[in-house]
Amino acid sequence: MPKTLKEIRIKAGETAENACPEDIDYVLAERLNLTPSEFELKQDMVLSDDQLKQANKDIKKLAKGVSPQYILGYAWFFGYKIMVQRGVLIPRFETEELVEWTLKSLKSGDKVLDLGTGSGCITVALAKEAEKKGIKDLTLYASDITDAALRTSEENFLTYDLDVVTRKANVLIGLEKFDKIISNPPYIKTTEKKEMDANVLQNEPKEALFAGSDGLDFYKKFAKQVRDHLNSHGEFFLEFGFSEEDQLKELFAKELPDFDIEFRKDMAGKPRMVHGRWQKFEWIK
């Protein structure tokens with residue numbers, strides 16, 4: 001019976017042959033509390049009976065196609081440990097760049113909405129990083145369309161001692177006015193389903209992934225609703241699919257001509273984020 005980390009790693013590769021080697025290594029390393037470099041250096045480490053039992057359980061789940069983060073019950077986002085479970089989107093590293101962009105314009109006293117919060121990872125990272133920068137007195141809201149996401153986000157807010165108002169909402173309907181709205185909404189075209197990783201399709205909630213044949217269902221609704229939910233000179237920060245920039249430029253030019261719109265690429269050089277600032281005209285008496 002395999003006892004060393006190297007032997008378990010080999011067994012995992014044979015048993016969960018459809019799992020990515022990176023996923024296998026990630027789960028084993030996280031369970032053993034090893035950094036990636038420690039994981040490689042400690043291949044001769046002998047596992048205890050409890051560690052072996054856990055590893056075998058995890059390998060079986062990997063073989064069934066369960067996502068590593070759902071096996072562990074958490075994901076890392078912006079350096080914060082975020083609880084996740086099935087029914088909630090797994091945080092993506094690209095979204096960290098959206099949080100960084102939002103932080104640059106965040107001010108003390110802002111009222112902020114994390115729209116389609118999922119696990120609550122954006123709110124956690126934004127609030128904790130704002131704290132480090134001395135940005136105070138934020139009023140935090142988080143909304144989602146599913147009860148599962150709201151329950152999970154509330155657990156994460158509790159873990160990080162955050163005071164967040166949660167709301168169930170479809171896009172912005174029924175919500176208040178905010179200074180900042182940040183969102184990683186569903187943006188995958190339904191036609192792209194066949195090109196996607198089977199692991200994602202099997203595990204993650206469809207309503208958090210897909211947004212119609214053109215991937216723009218959310219943005220069309222958002223563009224029509226956003227004026228009623230932003231304070232004067234309010235701003236929004238949205239993530240989008242890298243092939244959707246041109247359609248979004250056209251949509252926002254038509255629906256939001258009084259907004260300053262800026263698009264940005266992610267670290268991989270792909271169009272990924274858009275920022276809008278409402279240049280609301282005010283009469284001077």
Side-chain angles (χ1 to χ4, degrees), residues 1-86 88-101 103 118-122 124-126 128-129 132 152 155-156 159-160 184 195-204 208-209 239 242 265-270 272-273:
M1 183 177 172
K3 289 247 180 186
T4 67
L5 181 52
K6 182 179 181 180
E7 289 168 340
I8 280 289
R9 194 184 192 184
I10 291 168
K11 179 188 175 182
E14 292 169 349
T15 306
E17 56 185 3
N18 292 325
C20 297
E22 294 84 359
D23 288 348
I24 293 170
D25 292 354
Y26 176 70
V27 171
L28 290 173
E30 285 289 318
R31 289 294 192 200
L32 298 169
N33 199 27
L34 299 174
T35 65
S37 56
E38 287 171 338
F39 180 78
E40 293 299 337
L41 289 169
K42 295 191 175 184
Q43 288 296 299
D44 293 330
M45 172 183 176
V46 177
L47 276 62
S48 68
D49 289 344
D50 285 345
Q51 288 171 333
L52 286 169
K53 191 183 291 184
Q54 184 63 64
N56 284 317
K57 279 184 187 175
D58 293 340
I59 290 166
K60 286 177 183 175
K61 289 180 181 177
L62 284 165
K64 290 178 181 176
V66 181
S67 295
Q69 293 85 353
Y70 292 144
I71 292 172
L72 296 167
Y74 63 85
W76 291 98
F77 182 79
F78 223 107
Y80 299 98
K81 195 174 187 177
I82 303 294
M83 185 185 86
V84 293
Q85 56 189 346
R86 279 190 169 176
V88 176
L89 190 74
I90 295 168
R92 266 56 171 186
F93 291 119
E94 308 93 83
T95 309
E96 294 181 3
E97 296 180 60
L98 190 71
V99 172
E100 285 184 333
W101 196 8
L103 273 167
S119 65
C121 63
I122 286 176
V124 169
L126 199 62
K128 301 308 284 185
E129 292 300 306
K132 292 177 186 175
T152 302
E155 287 285 336
N156 283 313
T159 297
Y160 287 97
N184 174 25
E195 300 162 25
M196 291 178 66
D197 190 325
N199 188 275
V200 173
L201 290 173
Q202 178 182 325
N203 288 279
E204 301 196 55
L209 296 169
E239 191 171 322
F242 67 86
K265 293 180 170 64
D266 61 17
M267 289 179 71
K270 293 181 178 179
R272 180 70 67 181
M273 299 166 280

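One is the number of the first residue; the rest follow in order along the sequence.
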So how far is it from [X] [atom1] to [Y] [atom2], rounded to the nearest 0.5 Å?
X: Q69; Y: D23; atom1: CD; atom2: CG; result: 7.0 Å
X: M273; Y: E100; atom1: CE; atom2: CD; result: 9.0 Å
X: F39; Y: L32; atom1: CZ; atom2: CG; result: 7.5 Å
X: D58; Y: K53; atom1: CG; atom2: NZ; result: 13.0 Å
X: W101; Y: L103; atom1: CH2; atom2: CG; result: 13.0 Å
X: L62; Y: K57; atom1: CG; atom2: NZ; result: 14.5 Å

Hey, is the main chain of [Y] close enough, under 3.5 Å, to the side chain of [X] for a donor-acceptor pair?
X: N184; Y: E239; value: no
X: Q54; Y: Q51; value: no
X: E17; Y: G13; value: no

Could you report the tightest heavy-atom contact between [X] and [Y], atom names first, then the distance?
X: A63; Y: T15; value: CB-O, 3.8 Å
X: K11; Y: N56; value: NZ-OD1, 2.7 Å
X: E38; Y: T35; value: OE1-N, 2.9 Å
X: V88; Y: S119; value: CG1-N, 3.4 Å
X: R9; Y: D25; value: NH2-OD2, 2.8 Å
X: K265; Y: E97; value: O-OE1, 4.3 Å

[Y] side chain reached by [X] side chain, heavy atoms, under 4.5 Å:
X: R31; Y: L72; result: yes
X: K64; Y: I71; result: no
X: V27; Y: K61; result: no
X: S67; Y: I90; result: yes
X: M45; Y: L34; result: yes

**Message:** Let's go through K3 and L47 carefully: what are the C-alpha distance in whole Å and the side-chain angles of both, what is the deciding distance for side chain to side chain contact (heavy atoms under 4.5 Å, CB included) to 0.1 Å, and is it a yes or a no?
**Reply:** CA-CA 6 Å; K3 289 247 180 186; L47 276 62; over 6 Å; no
**Prompt:** Between Y74 and E30, is any side-chain donor less than 3.5 angstrom from a side-chain acceptor?
**Reply:** yes
For residues 77-85, please give each side-chain donor-acceptor pair under 3.5 Å, one per line with the distance, not counting sequence neighbours.
from	atom 1	to	atom 2	distance (Å)
Y80	OH	E129	OE2	2.6
Y80	OH	K132	NZ	3.3
Q85	NE2	T152	OG1	2.7

**Asked** Salt bridge or not for K6 and D44, using N-O below 4.0 Å?
**Response** no
